[in-house]
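Contents: one structure, followed by commentary.
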Amino acid sequence: MVAYQNDAVVSKTILKKDTGTVTLFAFDEGQGLSEHTAPFDAMVQVLDGEVEITVSGKPYHLKQGEIIIMPANQPHALKGVKKFKMMLTMIKS
């Protein structure tokens, strides 16, 4: 549902409710999201490729099929080790 694009991050929201969202992302190699926080817990499931996700200063190397929870209000960042796709589930309640 999302395709890789050179030097880009592509996203598509597939579910948006008051209680949360589900969004698909495709990141080209080396692309990422700079450190930020979110007011809600978020779950990332890696669908393809490899990513380094840093949560509160601790790096995690994830590959296809792996999942991580990013706690609310904790700084986190993502960077593609290889190009990767992920599903982000934001849990608002």
Side-chain angles (χ1 to χ4, degrees):
M1 294 182 75
V2 289
Y4 292 113
Q5 291 184 17
N6 290 335
D7 301 318
V9 177
V10 178
S11 67
K12 180 177 183 178
T13 300
I14 57 173
L15 180 67
K16 186 173 184 178
K17 300 277 186 175
D18 291 341
T19 54
T21 59
V22 177
T23 307
L24 298 175
F25 288 87
F27 291 76
D28 196 11
E29 184 175 342
Q31 296 294 310
L33 298 175
S34 60
E35 186 174 77
H36 62 282
T37 60
F40 309 105
D41 289 339
M43 181 181 78
V44 169
Q45 179 179 2
V46 180
L47 304 173
D48 184 42
E50 295 181 35
V51 59
E52 182 173 280
I53 298 178
T54 304
V55 179
S56 297
K58 184 174 180 182
Y60 298 89
H61 188 101
L62 283 84
K63 297 179 182 178
Q64 182 178 358
E66 296 182 317
I67 295 172
I68 190 169
I69 302 291
M70 298 180 299
N73 304 310
Q74 298 297 311
H76 54 273
L78 298 88
K79 184 168 184 182
V81 175
K82 298 181 179 177
K83 59 184 180 179
F84 75 99
K85 292 182 182 181
M86 70 178 205
M87 180 170 56
L88 174 69
T89 304
M90 184 77 68
I91 304 158
K92 294 182 179 180
S93 66

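All figures in this text were calculated on a predicted structure; none of them were measured in a lab. Counting begins at 1 with the first residue of the sequence.
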Q: Report the distance from atom NZ of Lys83 to atom CD of Glu29, rounding to the nearest 0.5 Å.
A: 9.0 Å

Q: Determine, using the 4.5 Å side-chain heavy-atom cutoff (strictly less than), whether Leu88 and Ile91 are members of one ILVMFWY cluster.
A: no

Please table the atom pairs, donor to acceptor, closer than 3.5 Å between any side-chain atom in residues 38-46 and protein atoms at least two apart or in another chain.
unit_1	atom_1	unit_2	atom_2	d
Asp41	OD1	Ala72	N	2.8

Q) Ser34 and Ala77: which non-hydrogen atoms are nearest, and at how many Å? A) C-CB, 4.0 Å

Q | Heavy-atom pair with the smallest gap, counting every atom of Val55 and Met70 | A | CG2-CG, 4.0 Å

**Q.** Test side chain to side chain contact (heavy atoms under 4.5 Å, CB included) applied to Lys85 and Leu24, Val10, Leu47, the passing residue
**A.** Leu47

Q. Mind checking what makes salt bridge (Lys or Arg N to Asp or Glu O under 4.0 Å) contact with Glu50, not counting sequence neighbours?
A. Lys82

**Q.** Partner residues of His36 under the ring-ring contact (aromatic ring centres under 6.0 Å, His included) criterion, sequence neighbours left out
**A.** His76

Q: May I ask you to test the Leu62-Met86 pair for a side-chain heavy-atom distance under 4.5 Å?
A: no

Q) Which pair of heavy atoms, one from Ser11 and one from Thr23, lies closest together, and at what distance? A) CB-CG2, 4.1 Å

Q. Quick one: OG1 on Thr54 to CD on Gln74, what's the gap to the nearest 0.5 Å?
A. 13.0 Å

Q: Please check if Leu33 and Tyr60 belong to a single hydrophobic cluster, counting links between Ile, Leu, Val, Met, Phe, Trp and Tyr side chain heavy atoms closer than 4.5 Å.
A: yes

Q. Under the salt bridge (Lys or Arg N to Asp or Glu O under 4.0 Å) test, which residues partner Lys12, sequence neighbours left out?
A. none

Q) Looking at residues at least two apart in the chain, or sitting in another chain, which of them share a ring-ring contact (aromatic ring centres under 6.0 Å, His included) with Phe27? A) Phe25, Phe84

Q) If every non-hydrogen atom of Ile53 is compared with every non-hydrogen atom of Ile68, which pair is closest and at what distance? A) CD1-CG2, 3.8 Å

Q) What is the distance from atom CE of Met90 to atom OG1 of Thr13, rounded to the nearest 0.5 Å? A) 10.0 Å

Q. Which pairs pass salt bridge (charged side-chain N to carboxylate O under 4.0 Å, His left out) with one or both residues in residues 58-78, sequence neighbours excluded?
A. none

Q) Which heavy-atom pair separates Gly30 from Lys79 by the least distance, and what is that distance? A) O-CE, 3.6 Å

